[in-house]
**Student:** 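Once you've had a glance at the structure underneath, I'll fire off some questions.
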Amino acid sequence: MSIELAKQMEEARSYIASKIQIAPKVGLILGSGLGVLADEVEDAVEIPYSEIPHFPVSTVEGHASTFVFGKLSGTPVAVMKGRFHYYEGYTLSQVTFPVRVMKALGIETIVVTNAAGGIVPEWEAGDLMVIRDHLNLMFRNPLIGPNDDRLGPRFPDMSNAYAPELRTLAHEVAREQGLELREGVYVGLTGPSYETPAEIRMLRLLGGDAVGMSTVPEVIVANHMGIRVLGISCIANKAAGILDTPLSHDEVIEITKRIRSQFVALVREIVSRLK
Ligand code: HPA
């Protein structure tokens with residue numbers, strides 16, 4: 001990270017600001033299969049990532065890769081439909097650059113979502129989980145390099161990386177909606193291969209409840225910049241070795257489709273209360 005980063009953020013921010021009327025308060029990052037929430041945005045202005053200065057160029061065909069700005073349940077939002085993953089070959093500064101740009105646009109809170117494998121044996125595909133904390137098993141950190149003190153501290157505190165009051169809010173809303181909401185520790189690995197059964201047994205011993213290939217870098221950068229984070233995982237499958245069946249990305253997408261109406265209702269209502 002360098003002084004150059006602040007300049008790039010400002011160029012991306014001013015490009016976006018020239019196209020939108022609202023001042024987003026809440027950012028949302030939508031994970032695999034969860035992009036439908038972006039369709040609920042009112043007065044939507046879509047800006048493809050490819051148009052935005054300094055955004056990484058996406059190489060993957062068929063992946064949604066656009067920002068949607070507008071109002072969700074009355075709250076001005078910046079929605080990332082599609083994110084950048086480390087396993088695609090981006091650096092972690094590229095993966096997390098959009099979070100920095102959302103902060104530059106004025107967001108104070110971010111809702112980070114993902115599809116994850118459930119490590120807790122009793123959890124079923126289709127469960128939703130509030131992230132209480134994470135294990136960074138990517139063994140790399142997006143903040144490595146010179147620190148720009150204007151953006152955040154050299155050594156950011158991560159003891160409440162997932163804001164307790166937002167977790168409480170998520171549980172309140174879920175209770176009102178009659179939705180069972182799990183809570184647990186998200187383990188971030190690089191992927192792109194899924195885990196082996198032995199790795200899943202190890203992650204369980206280490207205190208992990210769900211496992212995925214995203215989220216951790218974005219949450220570190222959000223904390224660096226003082227953004228409050230709410231994380232929600234859609235348990236898309238039981239992790240490797242819990243069942244006898246192989247994992248497939250198609251299954252992950254299928255399950256996220258099945259529960260997306262509950263997911264949409266939950267996140268919409270949470271966002272409406274984040275004024
Ligand atoms: N492992 C890692 N990432 C995932 C999984 C999984 O089982 N399911 C969805 N994303």
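First listed ligand is number 1; within each ligand, the first listed atom is number 1.
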**Student:** Just to verify, which of Asp157, Asn147, Asp148 counts as forming a side chain to side chain donor-acceptor pair (under 3.5 Å) with His224?
**Tutor:**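 Among Asp157, Asn147, Asp148, the one that satisfies the side chain to side chain donor-acceptor pair (under 3.5 Å) with His224 is Asn147.
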
**Student:** Please state which part of Ser32 comes within less than 4.0 Å of ligand 1, counting heavy atoms only: side chain, backbone, both or neither.
**Tutor:**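 The answer is neither; Ser32 stays 4.0 Å or more away.
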
**Student:** Starting from atom 5 (C) of ligand 1, what is the nearest protein heavy atom, named by residue and atom, and what distance separates them?
**Tutor:** Gly117 N, 3.4 Å

**Student:** Please list, in number order, the atoms of ligand 1 under 4.0 Å from a heavy atom of Met213.
**Tutor:**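 Close to Met213: 2 (C), 3 (N).
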
**Student:** Give me the residue, atom name and distance of the protein heavy atom closest to atom 10 (N) of ligand 1.
**Tutor:** Ala115 O, 3.4 Å

**Student:** Please determine if Glu165 and Arg228 form a salt bridge, counting it only when a charged side-chain N lies under 4.0 Å from a carboxylate O.
**Tutor:**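 Arg228 and Glu165: salt-bridged.
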
**Student:** Would you mind telling me if ligand 1 is within reach of the side chain of Asn237, the backbone, both or neither, using heavy atoms under 4.0 Å?
**Tutor:** side chain

**Student:** Can you sort out which atoms of ligand 1 are near Gly212, meaning under 4.0 Å from one of its heavy atoms?
**Tutor:** 2 (C), 3 (N)

**Student:** Do the charged groups of Glu10 and Arg13 touch, with an N to O distance under 4.0 Å?
**Tutor:** yes

**Student:** Which of these passes salt bridge (charged side-chain N to carboxylate O under 4.0 Å, His left out) with Glu40: Arg260, Arg268, Lys81?
**Tutor:** Arg268

**Student:** Does a sphere of radius 6.0 Å around CD in Glu176 hold more than 12 heavy atoms from other residues, nucleotides or ligands, not counting ones at 6.0 Å or beyond?
**Tutor:** yes

**Student:** Answer with side chain, backbone, both or neither: which part of Leu189 has a heavy atom less than 4.0 angstrom from an atom of ligand 1?
**Tutor:**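 Leu189 to ligand 1: no contact under 4.0 Å from either part.
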
**Student:** Ring centres of Tyr162 and Tyr186 under 6.0 Å apart?
**Tutor:**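 No: the rings miss the under 6.0 Å criterion.
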
**Student:** Asn114 versus Ile131: any side-chain heavy-atom pair under 4.5 Å?
**Tutor:** yes

**Student:** I'd like to check which ligand 1 atoms, numbered from 1 as shown, lie under 4.0 Å from a non-hydrogen atom of Leu247.
**Tutor:** 7 (O)

**Student:** Can you find an N/O atom of Glu195 closer than 3.5 Å to an N/O atom of ligand 1?
**Tutor:** yes

